[in-house]
Amino acid sequence: MKRRILVALLALLPAFGIVTSCMDYGARAPEKIGADGRGLFITNEGNFMYGNASLSYYDIDSMRVENEVFRRTNTIKLGDVAQSMAIRNGLGYVVVNNSGIIFVIDLDTFELKGMIEGLLSPRYIHFLSDEKAYVTDLYAWHITIINPKTFEITGRIDVKIPGKNQPSTEQMVQYGDFVFTNCWSYDNKILVIDTRTDSVVKYIEVGKQPTSLALDRFGKIWTVTDGGYPGSPYGQEAPGLYRIDAATQRVDRAFMFRFGDRASEVCLNGTRDTLYFIKDHVWRMDVRSESLPEKPFLENMTGNYWYGLTGDPRTSEVYLADALDYVQPGWVFRYSARGGLLDSFQVGIIPGAFCFK
């Protein structure tokens, strides 16, 4: 998720008349996999420029995992760097960053239903309605507006701030008529977009490189900053956890970590009153707390850099992705709301993002 991405040379996919990179057109018989009931999709980034991104599906009730479901169903590879996935009206929108494309699949069969092309370096998608969605981008100076029904681009939102760096745009949360998006790459801002005018109306400064966003039940937006890295041309500082009042669009609390701490990812439990974040370990705190927790919720005993984190909106169970050495297939660990290990399963290379079905 948090890697510098370059734009790859794109290859034409003849069967659909689109451009995407690192695709495989080998003659394979499609498999009928199928998925009933509740499940969890895992987007596995794969290695940059290797075209080995993949999509895994985990059946929550049976605790069964199916890997490479996109390739096995559609007989083509997913592409280069699977960044994220979101769901709308029975369809899954899989954002493939370096291939510059969004694949649209049936949630039950994993069959390809359409594609959205013409994107530079897409990261995340946020639905405003059945016919309008925003797509953020790492390198474009805009957020793309699309129609999820027709898979067409309908507009763009200029995000370049006069006198400031050209911001990347990442995750999105919505409060009323306003969408908030974090600018992670070499930046320190949360942009505020008025959905009525499709324009940036404000930016909120936080620490260096806010990595993700979560909106709690009390109208507070949470983000964690990674602080940069040693030798970064943007500089390095101590990471931190920031709370923004969505109504006033102001930072109302900042919890600072130690310089050099490895911080990334925030998510919420099912009732959105408990926050989880990664800072070397996984930490848990009440969103109304005015102090950081003293002990971690899940201790990192391996020393690996945990890469993805999510909470089940129904059960408040916690899923944690471990990318291991970023070369071999990674693992996902499932924990109860109390922190007990329920299951673990192997997925693809660099598991980074989750999407509940």
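Start at 1 with the first residue, then count along the sequence. Only heavy atoms go into these numbers, but all of them, side chains included; no hydrogens, no water, no symmetry mates.
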Check against salt bridge (charged side-chain N to carboxylate O under 4.0 Å, His left out), Asp286 and Arg288: CA-CA 5 Å; Asp286 189 300; Arg288 293 160 294 190; 3.0 Å; yes
Can you check whether [X] reaches [Y] side chain to side chain, under 4.5 Å on heavy atoms?
X      : Y      : result
Glu237 : Met256 : no
Val206 : Lys189 : no
Cys183 : Leu191 : yes
Val287 : Leu268 : yes
Met115 : Ile102 : no
Ile153 : Arg156 : yes
Tyr93  : Phe151 : yes
Ile190 : Asn182 : yes

Could you verify whether a donor N or O on one side chain and an acceptor N or O on the other, from [X] and [Y], lie under 3.5 Å apart?
X      : Y      : value
Asn89  : Asp130 : yes
Asn52  : Ser54  : no
Thr154 : Asn147 : no
Asp226 : Trp184 : yes
Asp322 : Asn304 : yes

Is it true that [X] and [Y] have a side-chain N and a carboxylate O under 4.0 angstrom from each other?
X      : Y      : result
Arg38  : Asp59  : no
Asp194 : Arg196 : yes
Glu68  : Lys77  : no
Asp312 : Arg314 : no

task: Could you please spell out the steps behind the side chain to side chain donor-acceptor pair (under 3.5 Å) verdict for Ser56 and Asn67?
output: CA-CA 4 Å; Ser56 298; Asn67 289 316; 2.6 Å; yes
message: Name the residue from Phe257, Phe255, Trp306, Tyr242 that meets the ring pair (Phe, Tyr, Trp, His ring centres under 6.0 Å) definition with Phe277.
response: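 Single pass found, and it is Phe257.
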message: My understanding is that a hydrophobic cluster links ILVMFWY residues whose side chain heavy atoms are under 4.5 Å apart, including indirect links. Using that, what else belongs to the cluster containing Met301?
response: none
query: Is Ile60 isolated, or which residues cluster with it under the ILVMFWY side-chain rule of less than 4.5 Å, directly or via members?
result: Leu40, Ile42, Tyr58, Met63, Val65, Tyr319, Val332, Phe345, Val347, Phe354, Phe356
field: OG on Ser168 to OH on Tyr186, rounded to 0.5 Å
entry: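 These two atoms lie 10.5 Å from each other.
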message: Holding to ring pair (Phe, Tyr, Trp, His ring centres under 6.0 Å), I want the full list of residues that pass it with Phe297, two or more places apart in sequence or in another chain.
response: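 Listed in chain order: Tyr276.
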query: Residues two or more places apart in sequence or in another chain: which of them pass ring pair (Phe, Tyr, Trp, His ring centres under 6.0 Å) with Phe178?
result: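 Residues passing ring pair (Phe, Tyr, Trp, His ring centres under 6.0 Å) with Phe178: none at all.
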task: Give the intermediate values and the outcome of side chain to side chain contact (heavy atoms under 4.5 Å, CB included) for residues Leu320 and Ile278.
output: CA-CA 10 Å; Leu320 179 66; Ile278 295 177; 4.2 Å; yes
For [X] and [Y], which heavy atoms make the closest approach, and how far apart are they?
X      : Y      : result
Val179 : Leu128 : CG2-CD2, 4.0 Å
Leu107 : Ile87  : CD1-CG2, 3.5 Å
Cys267 : Ala214 : CA-CB, 4.4 Å
Gly92  : Met85  : CA-CE, 3.7 Å

message: Grouping I, L, V, M, F, W and Y whenever their side-chain heavy atoms are under 4.5 Å apart, do Met172 and Leu213 come out in a common cluster?
response: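 No; Leu213 is not reachable from Met172 via cluster members.
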task: Flag yes if Trp283 and Phe333 sit in one hydrophobic cluster, no otherwise; membership is Ile, Leu, Val, Met, Phe, Trp, Tyr, and two members link when side-chain heavy atoms are under 4.5 Å apart.
output: no
task: Verify salt bridge (charged side-chain N to carboxylate O under 4.0 Å, His left out) between Glu111 and Lys32, making sure each step is shown before the conclusion.
output: CA-CA 9 Å; Glu111 292 177 351; Lys32 298 292 184 181; 3.2 Å; yes
message: Apply side chain to side chain contact (heavy atoms under 4.5 Å, CB included) to residues Ile350 and Asn44 and explain how you reach the verdict.
response: CA-CA 5 Å; Ile350 312 182; Asn44 305 295; over 6 Å; no
Worked check of side chain to side chain contact (heavy atoms under 4.5 Å, CB included) between Trp222 and Val224: CA-CA 7 Å; Trp222 295 84; Val224 65; over 6 Å; no
field: Glu31/Thr73 under side chain to side chain contact (heavy atoms under 4.5 Å, CB included): CA gap, chis, key distance, verdict
entry: CA-CA 5 Å; Glu31 295 183 41; Thr73 300; 5.6 Å; no
- request: Could you tell me whether Phe180 and Tyr175 have their ring centroids closer than 6.0 angstrom?
  value: no
- prompt: Strictly under 6.0 Å, is that where the ring centroids of Phe70 and Phe41 end up?
  reply: no
- prompt: Pairs in or reaching into residues 132-149: which pass salt bridge (charged side-chain N to carboxylate O under 4.0 Å, His left out), with residues at least two apart or in two chains?
  reply: Glu131-Lys149, Lys132-Asp198
- request: Can you run down the salt bridge (charged side-chain N to carboxylate O under 4.0 Å, His left out) pairs that involve residues 209-222, sequence neighbours left out, and say none if there aren't any?
  value: Arg217-Asp273, Lys220-Asp245, Lys220-Asp252
